[in-house]
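A quick write-up on the structure given underneath.
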Amino acid sequence: MATSANQQQFAHLFAHVLARVHAAADALIADKVLPAGIDLSRIVVEPPRDATHGDMATNAAMVLAKEAGLKPRDLAEAFAGKLRAEPLVEKVDVAGPGFLNLTLKPAVWADVLRSVLDQGAGYGRSGIGRNAAVNVEYVSANPTGPMHVGHCRGAVFGDALATLLAFAGFAVTREYYINDAGAQVDVLARSAYLRYREALGENIGEIPEGLYPGDYLKPVGEALAAEYGDRFKGRPEIEWLAPVRAKAIAMMMDQIRGDLAALNVRHDVFFSERSLVSGADDAVGRTIDALRADGLVYQGRLPPPKGAPVEDWEDREQTLFRSTQFGDDVDRPLMKSDGGYTYFASDIAYHKSKFDRGFTDMIDVWGADHGGYIKRMQAAVSAVSGGKAALDVKIVQLVKLSRGGVPVKMSKRAGEFVTLREVVDEVGRDAVRFMMLYRKNDATLDFDLAKVIEQSRDNAVFYVQYAHARGVSVFRNAAEQMPDLAIPAAGAGRAAWLAGTPLARLSDEGELAILRRLALYPRLVESAALAHEPHRVAFYLYDLASEFHAQWTRGKDLPHLRFIIQNDPELTKARLAMVEGIVTVLASGLGLLGVGAPDEMR
RNA sequence: GCGCCGGUAGCUCAGCUGGAUAGAGCACCAGACUUCGAAUCUGGGGGUCAGGGGUUCGAAUCCCUUCCGGCGCGCCA
C-alpha cells in the first residue's frame with residue numbers, strides 16, 4: 001500500500017514530533033541561541049504524566065540549557081516560539097522547571113486512527129532495527145529429557161523477544177544450542193541402553209543411582225530394540241555408546257520440539273554442540289588456538305575461591321582464558337583434567353560461530369542459576385570478535401509454582417517433576433505465555449496454576465483477550481442492528497469500507513484517550529525492542545484494554561456514548577473505526593507475545 | 001568472603017533507560033446489569049520507593065555504603 005509522507009507522520013506520531021523538536025533545535029542553532037554541534041540525543045518526547053498538561057511533553061530545554069548557558073525556562077520559551085509554528089501544534093506551554101507541553105490539534109488523533117486503519121497489522125512495525133542481524137538464543141535445554149516447567153519462562157521470553165525484534169526491523173535468527181556433547185548425554189545413552197535391555201525382555205530392576213530413571217526413556221529403548229535387535233546386548237560400551245546416544249538425543253529433541261510447539265515457541269536454527277568438536281574439524285581447538293595467538297590463553301594456576309571451600313581442591317596448572325582482561329573476576333579454564341574441553345570452551349567456539357555467521361548483535365536467554373556466567377561469556381564474545389560483537393544476556397528469574405496457594409513441590413525423583421507439557425495442558429498456552437511475560441524478566445514470578453485459569457479480573461490474559469472479543473462483537477452487533485451499514489467481514493474490505501469515515505466525530509474525552517493510546521503503540525514497540533523487554537507490550541495491552549472497557553461501560557450510563565447509535569450511521573461508523581483500531585492493535589500486540597486474540601470467549 | 005539479581009501500598013507487581021503531585025490489580029469499603037458481552041465499570045481509604053550519604057535544575061531510577069532475600073563461586077552443563 002502506498003504510504004504518503006503525510007500519512008507517515010501519523011504512523012509514528014512521537015517520532016514525528018521528536019523530529020520537529022530537533023528541527024526547532026536546528027533553527028535555534030541557526031539563530032545562534034544554541035551552540036553548533038550541541039548533543040540532541042538526550043531529548044525525549046513523551047506523554048505527560050498528567051493529561052491536563054497536554055498531549056506531549058519534551059525535556060529539550062532542560063537537557064540543553066546547561067551547555068547553551070541559558071536558564072531552562074528561557075530556552076524553553078525560545079523553543080516554544082519555534083514549535084508554535086508547527087502545523088500539528090495547537091498550543092505550547094512552558095511549565096515547571098522548563099518542560100515544554102504540547103497540545104496538538106484535535107484532528108491529529110483522527111489522522112492517527114486513519115493511519116492505524118490503513119496499515120492494519122502493519123501499524124507499529126518499525127524500521128529502527130535497520131535490518132541488523134540479531135541472534136537470539138533461548139531454551140537450549142539439555143536433550144536428556146522432556147522440558148520441565150522451569151524451562152517455560154525462558155522459552156516464552158526468548159520467543160516473544162525475537163518476535164518483537166523482528167517487528168522492530170531487526171533481522172532475527174532464533175537459535176537453540178543443543179548440549180549434545182558433554183558427559184550428560186553419555187549418561188543419557190547409558191540410561192537408554194538399560195531401557196534397550198529392558199525392551200529385549202531383560203529384568204533391569206532398579207535404575208542405578210546416577211542414571212536417568214524416567215519412564216520417558218522406555219520408548220527410546222523400544223526403538224533401539226526395534227532398530228538393532230540384540231546386536232548390542234552384552235557388548236562393551238565402546239561398541240554401542242555412540243549409536244545409542246545418537247538415537248536417544250534425536251528422540252529427546254523430537255520430544256522437546258513437540259513440547260515447544262505446544263507452547264507456540266519457534267526456532268530457526270538448532271545448533272549442535274557436538275558439531276563443534278566431532279570429526280576432522282575441531283572448531284573448539286581452532287578457537288582456542290586463535291585466542292592463544294592473540295595472547296589470551298595461557299597455562300597457569302587459579303587460587304581456590306575464598307569463603308566457599310572446595311573439598312577436593314587440587315592445585316594444578318591448567319589452560320586458562322584471560323577473561324579478566326575483559327572485566328571478568330578471574331581467568332577461566334578451557335580444558336578439563338581429563339583432557340576434554342570445558343563447557344565454556346565449547347561455548348566460546350559456539351559464540352564465535354555466531355560471529356562468523358554475521359551476528360554482531362547477540363542475545364542469550366538464561367536461567368537465574370547461570371547468572372555468574374555472564375561476564376566470562378561477554379568477555380569471550382569480545383575476544384573472538386575483536387570487540388566487534390556485543391552479547392546481551394537476559395536472565396529469567398525463577399518461577400515459583402503453586403496451586404491454590406500451595407507450593408508445588410518438584411522432586412528430582414522419577415516422574416515427580418512437572419513438565420512443561422502438563423502445565424500447558426492444564427492452563428492453556430495463552431495463559432502460560434501471557435503470565436510469563438506479564439512480569440519483568442529479572443523479577444521472580446509467582447505462578448499459581450489455579451489462579452491462572454480463574455476467569456477473574458485479576459487475570460490479565462482474559463482481561464485483554466476479552467477486550468478483543470468485545471471489540472469484535474461490536475461489529476457483529478452493528479451488522480445485525482444496522483444492516484444498512486453493509487459492514488464487510490474483517491480483513492481488507494474493512495479498511496476500504498471505513499475509508500471515508502468522518503473520524504472527527506470522535507470527540508468524547510474517553511475516545512480521545514483511546515486514540516492517544518493507539519498513537520503510543522509504535523513508540524512502545526521501539527522502546528520495548530531496544531530495551532529487550534517484551535513485558536512492556538503486555539502492560540501496554542492491559543492499559544489499552546482497560547480504556548476500552550471503561551469506554552464501553554460509560555455507554556451504559558450515557559447512551560449517547562455507545563458505539564452503535566441507531567439513528568446516526570455516520571457516528572456509528574466513526575466509532576466502529578475506533579473499535580477497529582483497538583482490535584487491530586490488541587491483535588498486533590497479542591501476536592507479538594504469541595498469544596491468541598479470540599473473536600469470542602463465551 | 002566475592003560476584004550477579006532483586007527490595008516500591010497489607011499481597012502481587014508497573015514505573016516508558018534522570019522528569020512534573022510515585023501508579024495498577026488483588027484484598028477491604030460503597031456503588032452500576034429490562035439497554036452494544038457484568039470475564040466489565042465507577043468511587044474510597046492505604047507510601048519514610050529497605051536505611052543512610054552523594055551526583056544536579058530534578059533521583060524509585062545513576063554512584064558509594066549498610067541491612068534483608070534469591071542465585072552462583074576450577075576440571076557440571
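Letters A, B, ... are given to chains in the order of the sequence lines, protein chains preceding strands, and every chain is numbered from 1. Only a predicted model underlies this, so the values are computations on that prediction, with no experimental measurement involved.
- Residue A:A531 is classed as a base contact, given a heavy-atom separation below 4.0 Å to a base.
- Not counting sequence neighbours, A:H151 has no partner by the side chain to side chain donor-acceptor pair (under 3.5 Å) test.
- For B:rC49, there is no paired nucleotide, since no Watson-Crick or G-U wobble pair has both relevant distances below 3.5 Å.
- A:S527 contributes no side-chain N or O that forms a donor-acceptor pair with the base of B:rC16 under 3.5 Å.
- Inter-residue side-chain proximity for A:S353 and A:F271 is flagged as met; some heavy-atom pair is nearer than 4.5 Å.
- Side-chain proximity of A:A469 to the nucleotides B:rU17, B:rG37, B:rC71 is greatest for B:rG37.
- With sequence neighbours excluded, the residues satisfying salt bridge (charged side-chain N to carboxylate O under 4.0 Å, His left out) with A:R332 are A:D328.
- Contact annotation for A:R554: no contact, since no heavy-atom pair falls under 4.0 Å across all strands.
- Pairing partner, B:rG72: B:rC2, with both Watson-Crick or wobble hydrogen-bond distances short of 3.5 Å.
- Nearest nucleotide to the A:D369 side chain, out of B:rG72, B:rC75, B:rU40: B:rG72.
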TODO: Let me have a per-nucleotide readout for nucleotides 3-14 of chain B, 5' to 3', with B, S or -, counting only protein heavy atoms under 4.0 Å.
DONE: S-SS-----SSS
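- For A:Q184, the side-chain atoms get nearest to B:rC76 when compared with the rest of B:rC71, B:rC76, B:rC75.
- Within the 4.5 Å cutoff, no side-chain heavy atoms of A:T58 are placed close to those of A:F99.
- Pair assignment for B:rA20 gives none, since no Watson-Crick or G-U wobble pairing has each distance under 3.5 Å.
- In this structure, A:A478 reaches neither bases nor backbone, as no heavy-atom distance under 4.0 Å exists between it and the strands shown.
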Using the 3.5 Å cut-off, write out each protein N or O paired with an N or O of nucleotides 27-34 of chain B and the distance between them.
none

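- At a threshold of 4.5 Å between non-hydrogen side-chain atoms, the residues A:I128 and A:L530 count as touching.
- B:rU55 is unpaired under the criterion used here, namely a Watson-Crick or G-U wobble arrangement in which both key atom distances are under 3.5 Å.
- The 5' end of RNA chain B is approached more closely, in terms of each residue's nearest nucleotide, by A:R523 than by the other of A:R523 and A:D315.
- In this entry B:rA14 has no Watson-Crick or G-U wobble partner, no candidate having both defining distances under 3.5 Å.
- B:rG37: no Watson-Crick or G-U partner with both key distances under 3.5 Å is found in any strand.
- Looking at heavy-atom distances under 4.0 Å, A:Q465 makes no contact with the nucleic acid at all.
- In this structure, B:rA30 forms a base pair with B:rU42, meeting either the Watson-Crick or the G-U wobble geometry with both donor-acceptor distances under 3.5 Å.
- Both A:S473 and A:A550 lie close to RNA chain B; mapped to their nearest nucleotides by heavy-atom distance, the more 5′-ward contact belongs to A:S473.
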List the atom pairs, donor and acceptor, that lie under 3.5 Å between side-chain atoms in residues 570-583 of chain A and the rest of the protein, sequence neighbours left out.
| residue | atom | partner | partner atom | Å |
| --- | --- | --- | --- | --- |
| A:E570 | OE1 | A:R505 | NH1 | 3.2 |
| A:T572 | OG1 | A:I565 | N | 3.0 |
| A:T572 | OG1 | A:I565 | O | 2.9 |
| A:T572 | OG1 | A:D568 | O | 3.0 |
| A:K573 | NZ | A:W497 | O | 3.1 |
| A:R575 | NE | A:E511 | OE2 | 2.6 |
| A:R575 | NH1 | A:H560 | O | 2.8 |
| A:R575 | NH1 | A:R562 | O | 2.7 |
| A:R575 | NH2 | A:E511 | OE2 | 3.3 |
| A:R575 | NH2 | A:H560 | O | 3.4 |
| A:E580 | OE1 | A:R494 | NH1 | 2.9 |

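- If you check distances only, the side chain of A:R470 never reaches the base of B:rC36 with a donor-acceptor pair under 3.5 Å.
- For A:S402 and A:D448, the side-chain atoms include at least one donor-acceptor pair closer than 3.5 Å.
- No side-chain N or O of A:Y177 forms a donor-acceptor pair with one of A:S272 less than 3.5 Å apart.
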Any protein N or O atoms within reach of nucleotides 18-22 of chain B? Criterion: under 3.5 Å, listing atom names and distances.
| residue | atom | partner | partner atom | Å |
| --- | --- | --- | --- | --- |
| B:rA20 | OP2 | A:R49 | NE | 2.6 |
| B:rA20 | OP2 | A:R49 | NH2 | 2.5 |
| B:rA20 | N6 | A:N101 | OD1 | 2.5 |
| B:rA20 | N1 | A:N101 | OD1 | 3.2 |
| B:rA20 | N1 | A:N101 | ND2 | 3.0 |

